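A quick write-up on the structure given underneath.
In what follows, chains are A, B, ... by sequence order, proteins preceding strands, each numbered from 1. Small disclaimer: the values here were computed from a predicted structure and weren't measured.
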Number of protein chains: 2
Amino acid sequence: MAGLEYVPLEKLLHQISGRWTMYILWILDTNGKLRFGELKRKVEGISTKVLTERLRMLEQAGIIHRHYEAEIPPKVSYELTEQGKELSEPLYQLCELATRWYGDEHN
Amino acid sequence: MAGLEYVPLEKLLHQISGRWTMYILWILDTNGKLRFGELKRKVEGISTKVLTERLRMLEQAGIIHRHYEAEIPPKVSYELTEQGKELSEPLYQLCELATRWYGDEHN
DNA sequence: CGGTATCCGTGTTGATACTG
DNA sequence: CAGTATCAACACGGATACCG
């Protein structure tokens, strides 16, 4: 039987879909590098646990990069990788389509 | 708080992601109109319940069209709507990207 | 043929409390 | 500041049996 990875597209969609994920990517795409706290404030309503999960997942997928500075207080920031930026283009198209279908009240 | 529909893109991705969904769309895109049984045979391993769920969901989203003929035996076929076909283009791009990232052993 | 109905295991999401 | 740990709630996938 096929399994989840049969089509690479399914694997990719599996990574970028799911609650919050796209929103996080969108915000990183439009804002550039952000610290954990800033990100959490912009993705209003997300819990630290879920944000952490998403960031780890995206990092492992090579879509975002985590930059850690061992200071006091600790400073950690995230940004899209070059690979991650490749998503912008097709995603923007899908977004345009989604906006056309479902309205643009929320951008 | 935001909710699932905050970004239209999330709503769209929510609809087309999830196990089997993309695969179903892919098959309808490449094969054209198909009957329930044919579809089920092509999406090897899927249960009737899940296939039905996905088809209902996609139908409600306006992505596929259900054509019912009250014969004996009953004949029901599915195909992409014009709206559904709009997905092909951006999806194809994402697919190219996914293939480049994750390999093309499986097409 | 083309589905429904039911049930259940598992994964995902999330709130809350706590830590280096 | 940037998380980890824990536990509860729920959505999702899938097997099986039955129906018009």
Whole-Å gap separating [atom2] ([N]) and [atom1] ([X]):
X: A/L39; N: D/dG3; atom1: CG; atom2: P; result: 10 Å
X: A/E71; N: D/dG3; atom1: CD; atom2: P; result: 14 Å
X: B/L51; N: C/dT4; atom1: CG; atom2: C1'; result: 14 Å
X: A/Y78; N: D/dA2; atom1: OH; atom2: P; result: 8 Å
X: A/K40; N: C/dG14; atom1: NZ; atom2: P; result: 12 Å
X: B/F36; N: C/dC1; atom1: CZ; atom2: C1'; result: 9 Å
X: A/E69; N: D/dA2; atom1: CD; atom2: P; result: 10 Å
X: A/L55; N: D/dA2; atom1: CG; atom2: P; result: 11 Å

side-chain N/O A/R66 vs D/dA2 OP1/OP2, d < 4.0 Å
no
According to a strict under-4.0 Å criterion, is B/R35 in side-chain N/O contact with OP1 or OP2 of C/dC1?
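Checking C/dC1 against B/R35, no side-chain N or O comes under 4.0 Å of OP1 or OP2.
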Nucleotide nearest [X] (side chain, heavy atoms from C-beta), chosen from [options]:
X: A/P73; options: D/dC1, C/dG3, D/dA2; answer: D/dC1
X: B/T48; options: D/dC1, D/dA17, C/dG2; answer: D/dA17
X: A/V76; options: C/dA15, C/dT4, D/dA2; answer: D/dA2

Considering the terminal five base pairs at each end of the helix from C/dC1-D/dG20 to C/dG20-D/dC1, what angle separates the two local helix axes, rounded to 10°?
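End-to-end axis angle: 50°.
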NA contact type, B/Y68, heavy-atom cut-off 4.0 Å: base, sugar-phosphate, or nothing?
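Since no nucleic acid heavy atom lies under 4.0 Å of B/Y68, the category is nothing.
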Across nucleotides 6-13 of chain D, 5' to 3', mark each nucleotide with B, S or - according to how protein heavy atoms within less than 4.0 Å reach it.
B-----SB
Show your reasoning for whether salt bridge (charged side-chain N to carboxylate O under 4.0 Å, His left out) applies to B/E82 and B/K85.
CA-CA 5 Å; B/E82 286 308 308; B/K85 288 174 187 166; 3.4 Å; yes
Go through B/K11 and B/H14 one step at a time and tell me if the side-chain contact (heavy atoms from CB on, under 4.5 Å) criterion holds.
CA-CA 5 Å; B/K11 182 173 178 179; B/H14 185 70; 5.6 Å; no
Can you tell me if [X] and [Y] form a side-chain donor-acceptor pair at under 3.5 Å?
X: B/Q15; Y: A/Y102; answer: yes
X: A/T21; Y: A/R54; answer: yes
X: A/Q93; Y: B/Q93; answer: yes

Name the residue closer to the 5' end of DNA chain C, choosing between A/P74 and A/S47 according to the nucleotide with the nearest heavy atom.
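The residue closer to the strand's 5' end, by nearest nucleotide, is A/S47.
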For A/D29 and A/L25, indicate whether the former's side chain and the latter's backbone hold a donor-acceptor pair under 3.5 Å.
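Pair absent, no side-chain N/O of A/D29 close to backbone of A/L25.
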Closest approach of A/K33 and A/S77, non-hydrogen atoms and distance?
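Looking at all heavy atoms of both residues, the shortest contact is CD-OG, 3.5 Å.
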Which atoms form the tightest heavy-atom contact between A/W101 and B/E86, and what is the distance?
NE1-OE2, 3.4 Å
Over 60° means perpendicular and under 30° means parallel, so classify the ring planes of A/Y92 and A/W26, tilted if in between.
parallel
Basic-acidic side-chain contact under 4.0 Å: A/R66, A/E79:
no
With a 3.5 Å cut-off and heavy atoms only, can you find an N or O donor on one side and an acceptor on the other between the side chain of B/T52 and the base of C/dT4?
no
